[in-house]
Amino acid sequence: MSDLEQKTRYNPSEVEPRIVDRWLESGIFHPEPEGTAAENYSIAIPPPNVTGVLHMGHALNNSVQDCLVRRARAKGRRTKWIFGTDHAGIATQTQVERELKSLGTSREELGRDQFVARVWAWRERYGYQIVEQLKRLGASCDYQEERFTLDPAYADAVLKVFVDLYEKGYIYRDRYMVNWDPGSRSAISDLEVEDREVTDTLYYVDYPLESGSGAITVATVRPETMLADVAIAVNPQDERYRRLIGETAILPLVGRRLRIIADDYVKTDFGTGALKITPGHDPNDFEIGRRHGLPHPSVIGEDGRITDEAPERFAGMTVAEAQDGVVAELREQGLVSRIESYDHTVPFSHRSGERVEPLISLQWFMRMDELAKPAIEAVRSGRVRFFPQRWAKVYLDWMENIRPWCISRQLWWGHQIPVWYRDGDTHVGTEPPDGEGWERDPDVLDTWFSSALWPFATLGWPEQTSELKAFYPTDALVTGRDIIFLWVARMVMQGLEFMGEVPFSDVHITSIIQAPDGRRMSKSLGTGIDPLELINGGERPPVFETGGTFPAYGSDAVRWGLLVMSSGQDVRFSEDKVAQGQQLTNKLWNASRLILLRVDPGVRADVRPKTVEDRWILSRLARARQEVGGRIERYDFARAALELYDFVYGELCDWYLELVKPRLYEGDADTAATLLHVLTETLAMAHPLIPFVTEEIYSYIPGAEGLLAGRVDPGFPGERDEQAEAALADAITAVQAVRAWRDSAEVRPSAVLPARLAASGYTELEGQLARLTRLELDGSNGGSDVAAVAAVPVPRGAVEILASEHVDVGAAERKQSAKRAELTAEIERAQRKLDNPGFVHKAPAQVVQGERDKLAALKTELEAL
RNA sequence: GGGCGCGUAGCUCAGUGGGAGAGCGCUCGCUUCACACGCGAGAGGUCGCUGGUUCGAGCCCAGCCGUGCCCACCA
């Protein structure tokens, strides 16, 4: 134990990796699948992208989950944190394609099989990075049962779900307008589209009437799409155009005849009131086209270039080139009557960042309305609860207006759709059809389709495994609000559909941590902060104006800091909070050193209170244990973290350890036993929040067995002791009052002053009061004969300071008069309140009495001055 | 256009009906035998604005101002 002597600072870099190894070797993170889900506790991790790296969102999210999971273990529940990674279709494919490009090749050149093999190799190379990072963070996942969304068993589950839903009529294939992402050259779902504010040019274009009597003017921000116009629509009520309905206009540059049709969709007070209809390239026009039975030619291809359905001179151009070309020709012909700058929102691909091209395409869709019904009911009835609650409304609003989901993606990395075609025949099944000539659908499923099965597919479904019985449904889901629709909602729907039970009962939506300057944390913006740089030390990114490097804060500090930052609101990252966490670990370390270096190695932790301060700390510990544990269970991690900090600093270290030092130095066995008990229970209480330092200290506690991470809480936290709490509260107030007075009287800190205690109720604590304030209260300095030079008010009386060379009476007096004014004001306020009949009659008796007591106390204090 | 948040000490944030809080920063003082990543003592807030409800409002209600996010098919 001699090494403790040397280590005056806690060094997380040395300790934490060692502790991780001990945990992993112990096997305590892997529960055997026994019992039922109702008895056990489980959480399914939001699977990180297999080739991803840990970012701040992961760090927070997993700190939260680890806190819950460690708390559950301490309560003695069989606990499983279901672990694994996601194949992340687009993200992973994009990474590999980028590499191919740098090598001068492409996926097309490699061919599908080669390419997919290449992605698997990529996964082998980078897939363990994030796993190791989670271990470093201290996340106590069941790493022995790691899942991957492309594992053979998982893939079987995905295909089975597809086939089942197809057979139920929920999944169908349709030629429909989709969001085409030219970046990934795939369709994407509505949820993967983000609107961005863009300044475009609005062109007013004259379309000549066939009759030769003038023209009809339309406004458009996308003149290039006019090449696919099939009609012009006006509102049937619009007096300006009513006579033109049924007439024909001529599409400039193309020469196509466009019927002028009437549709209520068209706003009379917007643009020119005449709308060009391009069903192939605009979602609204597509709907209008359907209503009017119009064709929907396409002039923009999936490669983002103009097709040969357009006049030959435009074919092959990019969209931007085509726009320039079209506008130039229209200008030449004098058909652009006006242009103006126009701000509006435009869809962009969330993944590739490219402007989404609405295209008509043959895709697989999933009808969601039937599946949504029970999922809505599950939240309405409270079988699934959101924390904070307001997110339930967000979920419900979306669910109630749910639309079909485009589930096919034109990628190669993912679950290939289990559908085969031959001539006009279609085979849908988990196995390929018999016979020759069948061709499999080349598309893969949206990654979220497989993620939606995560809580049960990870446990062996569709087999009826003991894992499923033991751990489904899970207890909590912890995630960010950005994937409530993408993931949470879909898990609820699929869980209900295939397991007949919700996948989790609680959904905790975490805060989002922004960069210190308030911007979104993002790699591309340069605003990201790498959690591992905080843990291990590293260069401060440019978002920090201070520059320099992070000290190696350690995981505990980062975890504590993140938890205390995330009280439910979005919050700016604050390095100070991480530093505060580090100080907490160091404080706990040193408090433990004080105890462990002084207690006799033969002593064992036990509850053997001898004094009022012993009873006080036991009472405060009981309160803190209840508070910290309760806060964690209510998903109030910020408060749990602060409660812990306040107990360790404000009660254990500032007061109890100071009070108990003399007895500790004397080697009193009862004191040592009680101290060990308090320390052990403090460590246990703190462990879910700061697991490393607590585990490390625990290993030094005499008689402590096994790992703290595997220790089951003894349960009942103990009784509160009101009498001891009141006595110490007064003593603390008194000590602080005397210290403040000493400071104001400019008394040297080391000087011992003769004084007299003229207050009641301090018998048990008089000696401590004297020691902590450096007063001599034993009466040997003259007793009642000597005149007091000052009186320091304390609860129920005063401490009278006797004449001494150390006292600067003048300085003290100046301070005292300020204090007197303050007291007088407060007395007046309390008196006024009590003089108010409304208050006395209507306020609760307890409150009125409290005010009376306060007034009396204030008066006593003023008198003592 | 609709919805949900937020505006409290110089900074980052707690605080949901009864005497305004924390961390950091700042001031003063301490090499007190666990910790100078420490200890003790302080300074510093018309709780965005305006009304209302209440005996009592940072907290509840209404409006306004500022700010952020989500949803939504106005060319």
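Chain A is the first sequence line, chain B the second, and so forth, proteins listed ahead of strands; every chain is numbered from 1. Quantities reported herein were computed from a predicted structural model and do not represent experimental measurements.
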Task: Contact nearer the 5' end of RNA chain B, comparing A:S592 with A:A740 - done: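 Its nearest nucleotide lies further toward 5', so the answer is A:S592.
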Task: Closest-nucleotide 5' rank along RNA chain B - winner of A:G271 and A:L191 - done: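 Its nearest nucleotide lies further toward 5', so the answer is A:L191.
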Contact class for [X] (heavy atom, under 4.0 Å): base, sugar-phosphate, or nothing?
{"X": "A:Y265", "result": "base"}
{"X": "A:H344", "result": "sugar-phosphate"}
{"X": "A:P749", "result": "sugar-phosphate"}
{"X": "A:D654", "result": "sugar-phosphate"}
{"X": "A:Q583", "result": "sugar-phosphate"}
{"X": "A:K276", "result": "nothing"}

Open item on the list: Do A:Q768 and A:R771 pair up side chain to side chain, a donor and an acceptor below 3.5 Å, judged on atom types alone?
Closed with: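 Side-chain D/A pair, A:Q768 to A:R771: present.
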Task: Nearest to side-chain heavy atoms of A:Q569, which nucleotide of B:rC74, B:rC69, B:rC6 - done: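 For the A:Q569 side chain, the nearest candidate turns out to be B:rC6.
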TODO: Tell me, please, which residues at least two apart from A:Y342 pass ring-ring contact (aromatic ring centres under 6.0 Å, His included).
DONE: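 Residues passing ring-ring contact (aromatic ring centres under 6.0 Å, His included) with A:Y342: A:H344.
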Using Watson-Crick or G-U wobble geometry with both distances under 3.5 Å, which nucleotide pairs with [N]?
{"N": "B:rG38", "value": "B:rC30"}
{"N": "B:rG10", "value": "B:rC24"}
{"N": "B:rG68", "value": "B:rC4"}

Is the side chain of [X] donor-acceptor paired with the backbone N or O of [Y] at a distance under 3.5 Å, no angle test?
{"X": "A:E224", "Y": "A:V326", "result": "no"}
{"X": "A:D636", "Y": "A:R631", "result": "no"}
{"X": "A:R593", "Y": "A:L4", "result": "yes"}

TODO: Working to the nearest 0.5 Å, report the span between NE2 of A:H508 and CZ of A:R634.
DONE: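 Interatomic distance, A:H508 NE2 to A:R634 CZ, rounded to 0.5 Å: 13.0 Å.
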Would you list the protein and nucleotides 15-19 of chain B atom pairs, both N or O, that sit under 3.5 Å from each other?
unit_1 : atom_1 : unit_2 : atom_2 : d
B:rG19 : N2     : A:E826 : OE1    : 2.2
B:rG19 : N3     : A:E826 : OE1    : 3.0

Rounding to the closest angstrom, what is the interatomic distance between [N] and [M] at atom [atom1]?
{"N": "B:rA57", "M": "B:rG44", "atom1": "C1'", "answer": "24 Å"}
{"N": "B:rG66", "M": "B:rC60", "atom1": "P", "answer": "22 Å"}
{"N": "B:rC49", "M": "B:rC6", "atom1": "C1'", "answer": "16 Å"}
{"N": "B:rU46", "M": "B:rG5", "atom1": "P", "answer": "29 Å"}

Task: Any A:R572 side-chain N or O less than 4.0 Å from OP1/OP2 of B:rU12 - done: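 Yes, because at least one side-chain N or O of A:R572 sits under 4.0 Å from OP1 or OP2 of B:rU12.
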Open item on the list: At less than 4.0 Å, is any side-chain N or O atom of A:Y395 found next to OP1 or OP2 of B:rC70? Yes or no.
Closed with: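 No, because none of the side-chain N or O atoms of A:Y395 sits under 4.0 Å from OP1 or OP2 of B:rC70.
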Open item on the list: Nearest whole Å is fine: how far is B:rG68 C1' from A:R519 CZ?
Closed with: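 Those two atoms, CZ and C1', are 15 Å apart.
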Task: Base of B:rA34 paired with side chain of A:E658 (donor-acceptor, under 3.5 Å) - done: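 Yes, a donor-acceptor pair under 3.5 Å.
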Open item on the list: Base of B:rA75, side chain of A:K267 - is there a donor-acceptor contact under 3.5 Å?
Closed with: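 Under the 3.5 Å cut-off, the side chain and the base do not form any donor-acceptor pair.
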Open item on the list: Applying ring pair (Phe, Tyr, Trp, His ring centres under 6.0 Å) to A:Y10 and A:W589, what does each step give before you reach the verdict?
Closed with: CA-CA 6 Å; A:Y10 174 64; A:W589 174 253; 5.5 Å; yes
Open item on the list: One pair to check against salt bridge (Lys or Arg N to Asp or Glu O under 4.0 Å): A:E575 and A:K577. What are the steps and the verdict?
Closed with: CA-CA 5 Å; A:E575 188 181 343; A:K577 292 293 193 291; over 6 Å; no
